[in-house]
Amino acid sequence: MRKIALALVAALMLSACGSGGSAGQELSNEPVTLRFTWWGSDERHKRTQQVMDLFQKKHPNITVKGEFKEWNGYWESLATTVAANDAPDVIQMDELYLSSYAERGALLDLGTMAKFLKTADFDKAALDTGLVNGKQYALPTGLTTYSIVANTDLLDQYGIDLPDDATWSWDDLKRIGGEVSEAGGGKVTGVQSLGFEAGGLNIWVRQHGAALFDEQGDVAAPPEVLASFWTYVKDLAAQGVTPPAAVSVERAGGSLDQSGTATNASVFATWWNTQLSSLTAASGSKLRLLKLPGEAQAKSRGAYYKPSMYWSVSSRSEHPAEAALFVDFLANDPEAANIMLTDRGIPANTKVRESITPKLTEDDKQAVAYMDGVEVGPAPRVTPNGASTVEAIIKRHTEEVLFDRETPEQAAAAFIKELQAEIDGA
């Protein structure tokens, strides 16, 4: 990811800022061709092509040409086309790179396209995930939110009750996790180790009334709050609530199928709620989504919406009105939603989400119900330009703490210094 980020920055620096057609442009009566790029699986490619065909049927004068790529080559290709002023009109965007493209003038402010792109059926907290410097440079395709996944089969086996997730604390998770580890006799631990991705750290910081990044894009998390997070992670391991350090690190470096949840080796674990279906398939167990510990005791709400991905429009598009119309179709059209379902996450459009829910699997229905029932706080600041390596930095310091090569206080100070240097150097 670091290589991709550097290639992105270098390429975008070559690209002149500025916009294509006027934001007030009308739809053309002449034939128009749009280029549309996305990453994903073959299944996503098939569904997307069906949606494109449906759009073209409804708008015969607009041709949409797809540019489908795998994740690994997607960002290098996009950076190259943007630098050459040859970007696709409609772009599938990721949160890690949104700020990089928006701040260099590569994306259109979708707020100027309100005539063609409607957002009335999106919650403000969802829309705000696509804001950069107060402008709507991206529209979330789907949403996810952080959760605790609990293996109820194992809890039943050990005779341990589910916690009350409306009131439980992080100390409760530690206590109940300890009971599970004792009952598991070394084969099953209560909790899968935290600290290997940004979601958990973000939640912890938000619950302490702070933010990982401030509005200017600088690291804002207080060192004492970061240190308390790594202290908690270390305590879980020291008390046997999570696996030994070597096991946790190995699992964190593997696929979802190798996780403690998927292998029925840990009862509680932090996951994004939309991962439930994959975890159920891998584990073969009954799994339940629980609200995050600590919310009842927190200074501010930790839970937030995370976009699975976005739709963006190139600022260089020669057909911004048609591009916005196509994004409107992708985001709001019921027939398009019936084709895509949850392929790009649980739809951010609330009416679309409600309309497709009866067609979903039981696990996906549980994921929708969970998200609809969680109270979220304001959207966090979009990952700043240069900070796309944040998860790699978190993971490295978690490993250092677990192996006693750093104290939590040292990890906190080093994390802030390293991440800020990445931002400053972008």
Just do the salt bridge (charged side-chain N to carboxylate O under 4.0 Å, His left out) check on E215 and R381 with the steps written out, would you?
-> CA-CA 6 Å; E215 287 304 310; R381 201 265 189 207; 5.2 Å; no
Between Q92 and T141, does a side-chain contact (heavy atoms from CB on, under 4.5 Å) hold up when you go through it step by step?
-> CA-CA 9 Å; Q92 185 174 292; T141 69; 5.7 Å; no
Steps toward salt bridge (charged side-chain N to carboxylate O under 4.0 Å, His left out) verdict (R44, D343) | CA-CA 7 Å; R44 177 174 297 164; D343 180 71; 2.8 Å; yes
How far apart are the C-alpha atoms of S169 and D172, what are their side-chain angles, what is the distance that settles it, and do they pass the side-chain hydrogen bond (donor to acceptor under 3.5 Å, both in side chains) test?
-> CA-CA 5 Å; S169 67; D172 290 330; 3.3 Å; yes
Could you check T144 against I346 for side-chain contact (heavy atoms from CB on, under 4.5 Å), going step by step and ending with a plain yes or no?
-> CA-CA 7 Å; T144 183; I346 295 173; over 6 Å; no
Check against salt bridge (charged side-chain N to carboxylate O under 4.0 Å, His left out), R353 and D372 | CA-CA 10 Å; R353 184 159 75 232; D372 286 343; 3.1 Å; yes
Decide side-chain contact (heavy atoms from CB on, under 4.5 Å) for L27 and V32; before the verdict, give the C-alpha distance in whole Å, the side-chain angles of both, and the deciding distance to 0.1 Å.
-> CA-CA 9 Å; L27 295 172; V32 168; over 6 Å; no
For the pair H397 and E418, evaluate side-chain hydrogen bond (donor to acceptor under 3.5 Å, both in side chains) and give the outcome as yes or no after the intermediate values.
-> CA-CA 11 Å; H397 287 296; E418 291 174 30; 3.1 Å; yes
For T145 and N273, run side-chain hydrogen bond (donor to acceptor under 3.5 Å, both in side chains): C-alpha distance rounded to whole Å, both residues' side-chain angles, the deciding distance at 0.1 Å, then the answer.
-> CA-CA 6 Å; T145 190; N273 69 313; 5.8 Å; no
Can you check salt bridge (charged side-chain N to carboxylate O under 4.0 Å, His left out) on K351 and E354, steps first, answer last?
-> CA-CA 5 Å; K351 286 187 177 179; E354 183 179 355; over 6 Å; no
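Side-chain contact between N29 and N61: absent, with no pair of heavy atoms (C-beta onward) separated by less than 4.5 Å. When side chains are defined from C-beta on, L162 counts as touching L290, because their heavy atoms get closer than 4.5 Å. Contact annotation: the side chain of S308 never approaches that of L143 to less than 4.5 Å [non-hydrogen atoms, C-beta and beyond]. Residues L325 and F329 are not in side-chain contact: their nearest non-hydrogen atoms beyond the backbone lie 4.5 Å or more apart. Considering only heavy atoms from C-beta on, V267 stays 4.5 Å or farther from V191 through its side chain. Side-chain contact between T37 and V90: absent, with no pair of heavy atoms (C-beta onward) separated by less than 4.5 Å. With contacts defined as side-chain heavy-atom distances shorter than 4.5 Å, the pair R251/Q258 does not qualify. Side chains of L34 and F326 form a contact here, defined as non-hydrogen atoms less than 4.5 Å apart.
Formation of a donor-acceptor pair under 3.5 Å by the S99 side chain with backbone atoms of P384 is not found in this model. With hydrogens and angles ignored, the 3.5 Å screen pairs no side-chain donor or acceptor of D89 with any backbone N or O of S317. Without hydrogens or angle criteria, S147 side chain to L289 main chain gives no donor-acceptor distance under 3.5 Å. With hydrogens and angles disregarded, no donor-acceptor distance shorter than 3.5 Å links the side chain of S193 to the backbone of S248. No donor-acceptor pair closer than 3.5 Å links the side chain of Q49 to the backbone N or O of K46. The closest donor-acceptor contact from the side chain of D123 to the backbone of A126 lies at 3.5 Å or more, if one exists at all. Using a distance-only test at 3.5 Å, with no hydrogens or angles considered, a donor-acceptor pair links the side chain of Q136 to the main chain of A138. In this structure a side-chain-to-backbone donor-acceptor pair under 3.5 Å is missing from R288 to I148. Remark: the backbone N or O of A303 is paired with a side-chain donor or acceptor of R206 at under 3.5 angstrom. The closest donor-acceptor contact from the side chain of T389 to the backbone of A392 lies at 3.5 Å or more, if one exists at all.
Atom-to-atom distance recorded for S278:OG and L287:CG is 11.0 Å, nearest 0.5 angstrom. Here the straight-line distance linking atom CZ of R405 with atom CD of E400 works out to 4.5 Å at 0.5 Å rounding. The distance from the NZ atom of K174 to the CG atom of L236 is 6.0 Å, given to the nearest 0.5 Å. With rounding to the nearest 0.5 angstrom, the CG atom of L330 is 8.0 Å from the OG1 atom of T48. Remark: D42 CG to E70 CD distance equals 8.0 Å, nearest 0.5 Å. Distance check: E103 CD to L98 CG gives 9.0 Å after rounding to the nearest 0.5 Å.
One finds a salt bridge joining K365 and E362 here, because a Lys/Arg side-chain nitrogen approaches an Asp/Glu carboxylate oxygen to under 4.0 Å. By the 4.0 Å N-to-carboxylate-O rule, D404 lies close enough to K234 to be salt-bridged with it. Salt bridge E399/K395: present, at least one basic N to carboxylate O contact under 4.0 Å. Ion pairing between K124 and D128 holds under the 4.0 Å rule for side-chain N and carboxylate O. A salt bridge links E43 with R47; the closest basic N to acidic carboxylate O contact falls under 4.0 Å. Ionic pairing of R301 and E375 is present here: one or more N-O contacts between side-chain nitrogen and carboxylate oxygen are shorter than 4.0 angstrom. Using a 4.0 Å cut-off between a side-chain N of Lys or Arg and a carboxylate O of Asp or Glu, E335 and K58 qualify as a salt bridge.
Below 30°, between 30° and 60°, or above 60°: for W71 and Y97 the angle between ring planes is between 30° and 60°, a tilted geometry. Ring-plane geometry between W168 and F268 is classed as tilted, the angle between the planes lying from 30 to 60 degrees on a 0 to 90 degree scale. A tilted orientation is assigned to the rings of W204 and Y232, their planes being inclined by 30° to 60°. Y101 and W75 have tilted rings, their planes meeting at an angle from 30° to 60° on a 0 to 90° scale.
Between F36 and W38, the distance separating the two ring centers is shorter than 6.0 angstrom.
No more than 12 heavy atoms of other residues, nucleotides or ligands lie within 6.0 Å of NZ in K135, so this atom counts as exposed by the packing criterion. When the shell of 6.0 Å around NZ of K359 is examined, it contains more than 12 heavy atoms from other residues, nucleotides or ligands. The neighbour count for Q297 CD, taken as heavy atoms of other residues, nucleotides or ligands under 6.0 Å away, is above 12.
Contact detail for S300 and G209: the closest heavy-atom pair is OG-CA, 3.4 Å. Smallest separation of non-hydrogen atoms from M93 and S312: CB-OG, 3.7 Å. Nearest heavy-atom pair across S266 and T189 is OG-OG1, 3.0 Å. The two residues A102 and L107 come nearest to each other via the heavy atoms N-CD1, 4.0 Å. Minimum heavy-atom separation, E391 to A198: OE2-N, 3.0 Å.
In this model, a donor atom of one side chain and an acceptor atom of the other lie less than 3.5 Å apart for W230 and T398.
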